[in-house]
Amino acid sequence: MTEHKVICWDCGSETEDPYVYTCPKCGGLLMVKMDLEPVKEMRPEDLRKEKLGVWRYAPFMPVDPLHKVSIQEGGTPLYKTDGLAWEVGVSEVHVKFDGLNPTGSFKDRGMTVGVSRAKELGAKIVGCASTGNTSASLAAYAAKADIKCAVFLPSGKVAAGKLAQALFYGAKVLSIDGNFDEALDLARKMADERRLYLLNSINPYRPEGQKSVLFEIIDQLDYEVPDRIILPVGNAGNISAVHKAIQELQEVGWIDKVPMLTGIQAEGASPISKAFSAGKDDFIPEEDPETIATAIRIGNPVSGRKALRAIYDTGGFSATVTDDEIIDAQRLLGKREGVCVEPASAASIAGLIKLVSMGVIDRDERVVCICTGNGLKDPDTIIKNSPPPIPCGNSVEEVERILSR
Ligand code: F0G
C-alpha cells in the first residue's frame with residue numbers, strides 16, 4: 001500500500017483519529033496526502049497489467065488491497081460521441097459513461113475504497129446522507145462487506161430506482177423530514193458521536209476512489225490530455241476528486257497539461273456557479289434548492305470551496321443550466337448516441353451546449369463530459385418527459401394504421 005497521511009486542506013495539520021471528518025484544530029476540510037515517491041519510479045504502462053477499473057490505480061489509493069471490497073467498479077466506457085459533437089458544433093466530444101458501474105453510478109468508485117477503509121478499521125456500522133446514488137452504492141458495498149448500513153434520505157425527493165436499490169440491498173433506509181443538506185447534518189451528528197462510520201465525500205477516503213475516473217479517462221485517451229472535462233456539481237466531492245487526481249498525475253510526471261475543469265449546476269441549486277460568477281473563492285449556501293435533477297438538489301455543498309479551487313486552478317468554468325435544458329440534453333444524448341443518463345448527468349451535456357453557444361468553449365476543443373449516473377435510476381422523469389405509449393388493439397391493421405401516421 002502507498003504510504004499516506006490525512007491532513008487538513010485548510011491549515012495542513014495532520015489528523016490521526018480516523019473517526020473525525022473535519023480538522024480538530026481549525027474545523028477545515030480533510031484530505032489524504034499520498035506519498036507518491038514510489039510511483040515516480042513507475043510508468044503508466046506498468047499499471048496496464050491490471051484490468052481497467054478502480055484498482056488498476058492501487059498505487060494512488062490509500063487502502064491496503066488486502067481489505068479490498070469490490071464489485072468490479074470502474075472500467076466504464078469512454079464513448080467518442082461524433083453525433084453529439086456534430087450537434088453541438090465541437091470538433092471532438094467524448095462521454096465517460098459512469099452509469100455503467102455496478103450500482104449504476106460513479107459513486108461505486110469512491111465506495112469501493114471507502115468501504116475497504118471501513119473494513120480495515122473494523123467499523124461496525126456505516127452510513128451516509130444521500131440524494132440517492134451514494135446510498136444505493138453504500139448499501140451494496142456494505143452488503144458485500146457484511147457491515148450494517150444506515151442511509152439518510154430526503155423524504156420524497158429520491159428517484160425510484162435509487163430508493164429501490166437501498167431497500168433491496170438491506171440498508172436501514174431513514175426517510176428524513178428535510179432536504180439533503182439537513183439529512184447530512186443529521187448523519188454527521190451521528191458520526192461525531194461515533195455511532196457510525198460516515199461515508200459521505202467529507203470522509204477523505206471516498207474521493208480517493210473517485211480520482212479513478214480521471215485516471216481512466218487519461219488512460220483511455222492514451223495520455224493525450226483533453227482540453228476540458230465537464231461534470232455536474234452537487235455536493236462537490238467529484239470535481240474536487242478529479243482535481244486531486246490531476247495534481248497527482250502532474251506530481252508523478254505522467255501529464256504535463258491540465259484539462260479545464262468545468263462544473264455545471266442546476267439553476268435552482270447553484271451556489272458554486274454563483275460564487276464563480278462573482279469571482280469568489282467561497283460560496284453562500286442556498287436554503288431551498290430545487291431542480292428536476294434531484295441528485296444535485298444541494299444548497300450547501302460540503303466540498304464547495306475545494307470545487308471552486310479546482311475550477312480556478314485549472315482555468316475552468318462554472319455555469320448553470322435550467323431543468324428544461326437538462327431534459328433536452330438527456331433526450332439528445334439518447335437520440336444521437338443511444339446513451340441513457342439520469343438528469344443530473346445530462347447537466348454536463350446541457351452545460352456543453354450552453355458554453356459552446358456562449359463562446360466559452362472553442363469549437364476546436366477536445367472535450368470529455370462525465371455522465372455520472374444511469375437513466376434507469378429515474379424512470380419517472382423519463383416517462384413524464386416522453387410521448388406516452390400509443391394505445392393499440394391487437395391487429396395488424398391497427399399497427400399499420402399507427403405506423404403510417
Ligand atoms: N451526478 C449524480 C448522478 C449524482 O448522484 C451526484 C451526487 C452528482 C452528479 C454530483 O456529484 O456531489 O460529488 O458533486 N450525488 C450525491 C448522492 C449527492 O447522495 O448520491 P458531487
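All heavy atoms count here, side chains included; hydrogens, waters and symmetry mates do not. Note that this is a predicted model, so its numbers are computed, not measured.
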Check for a donor-acceptor pair, side chain of [X] on one end and backbone N or O of [Y] on the other, with a separation under 3.5 Å.
X: Asn374; Y: Leu376; answer: yes
X: Glu325; Y: Thr322; answer: yes
X: Glu216; Y: Val213; answer: no
X: Thr314; Y: Leu261; answer: yes
X: Ser130; Y: Ser135; answer: yes
X: Ser116; Y: Val69; answer: yes
X: Asp323; Y: Thr291; answer: no

Take atom [atom1] of [X] as the centre, draw a 6.0 Å sphere, and report whether it contains more than 12 heavy atoms from other residues, nucleotides or ligands.
X: Glu251; atom1: CD; value: yes
X: Leu121; atom1: CG; value: yes
X: Asp364; atom1: CG; value: yes

Tell me, do [X] and [Y] make a side-chain contact under 4.5 Å, heavy atoms counted?
X: Leu249; Y: Ile218; value: yes
X: Pro44; Y: Asp219; value: no
X: Val63; Y: Glu120; value: yes
X: Thr134; Y: Met111; value: yes
X: Lys172; Y: Val151; value: no

What are the two closest non-hydrogen atoms of [X] and [Y], and how far apart are they?
X: Val158; Y: Leu163; result: CG1-N, 3.9 Å
X: Ala266; Y: Ile296; result: N-CD1, 4.0 Å
X: Pro102; Y: Tyr141; result: CG-OH, 4.0 Å
X: Gly263; Y: Ile311; result: N-CD1, 4.5 Å

Contacts under 3.5 angstrom, residues 26-39 side chains, donor-acceptor by atom type, not counting sequence neighbours:
unit_1, atom_1, unit_2, atom_2, d
Asp35, OD1, Glu37, N, 3.1
Glu37, OE2, Lys40, NZ, 2.8

Problem set entry | Phe283 and Phe276: CA distance, side-chain angles, deciding distance, ring-ring contact (aromatic ring centres under 6.0 Å, His included) verdict | CA-CA 8 Å; Phe283 64 94; Phe276 175 80; over 10 Å; no
Go through the structure and list residues passing side-chain hydrogen bond (donor to acceptor under 3.5 Å, both in side chains) with [X], not counting sequence neighbours.
X: Asn235; answer: none
X: Ser318; answer: Ser273
X: Thr381; answer: Asp378
X: Asp82; answer: Lys80

Just by distance, with hydrogens left out, do [X] and [Y] show a side-chain donor and acceptor under 3.5 Å apart?
X: Lys244; Y: Gln210; value: no
X: Ser345; Y: Thr372; value: yes
X: Thr262; Y: Arg228; value: yes
X: Trp55; Y: Thr112; value: yes

Residues [X], [Y]: salt bridge by 4.0 Å N-O rule:
X: Glu45; Y: Arg48; result: no
X: Glu50; Y: Arg56; result: no
X: Arg109; Y: Asp98; result: yes
X: Lys377; Y: Glu342; result: no

Partner of Asp108 under side chain to side chain donor-acceptor pair (under 3.5 Å), picked from Thr103, Asn101, Thr76, is Thr103
Which pairs count as salt bridge (charged side-chain N to carboxylate O under 4.0 Å, His left out) when at least one residue sits in [range], sequence neighbours excluded?
range: residues 298-312; value: Asp10-Arg305
range: residues 66-77; value: none
range: residues 276-303; value: Lys157-Glu290, Lys274-Glu286, Glu290-Arg297

The complete set of side chain to side chain donor-acceptor pair (under 3.5 Å) pairs with one or both residues in residues 184-193, sequence neighbours excluded, reads Glu193-Arg195
For Phe168, the ring-ring contact (aromatic ring centres under 6.0 Å, His included) test, sequence neighbours excluded, returns none
Next item on the list: I would like to know whether Tyr205 and His4 meet ring-ring contact (aromatic ring centres under 6.0 Å, His included); could you show each step before the answer?
Entry: CA-CA 11 Å; Tyr205 286 80; His4 71 280; 5.6 Å; yes
Tested for side chain to side chain contact (heavy atoms under 4.5 Å, CB included) against Val126, the lone hit among Asn203, Leu196, Leu199 is Leu199
From the list Ile353, Val88, Leu355, side chain to side chain contact (heavy atoms under 4.5 Å, CB included) with Ile361 holds only for Leu355
Parallel, tilted or perpendicular: which describes the rings of Trp254 and Phe60, with under 30° parallel and over 60° perpendicular? perpendicular
Contacts of Leu186 meeting side chain to side chain contact (heavy atoms under 4.5 Å, CB included) (sequence neighbours excluded), chain-then-number -> Phe152, Ile176
The salt bridge (Lys or Arg N to Asp or Glu O under 4.0 Å) partners of Asp227 (sequence neighbours excluded) come to Lys257
Next item on the list: Assess Arg194 against Tyr19: is NZ or CZ under 6.0 Å from the centre of the six-membered ring, and within 45 degrees of the ring's axis?
Entry: no
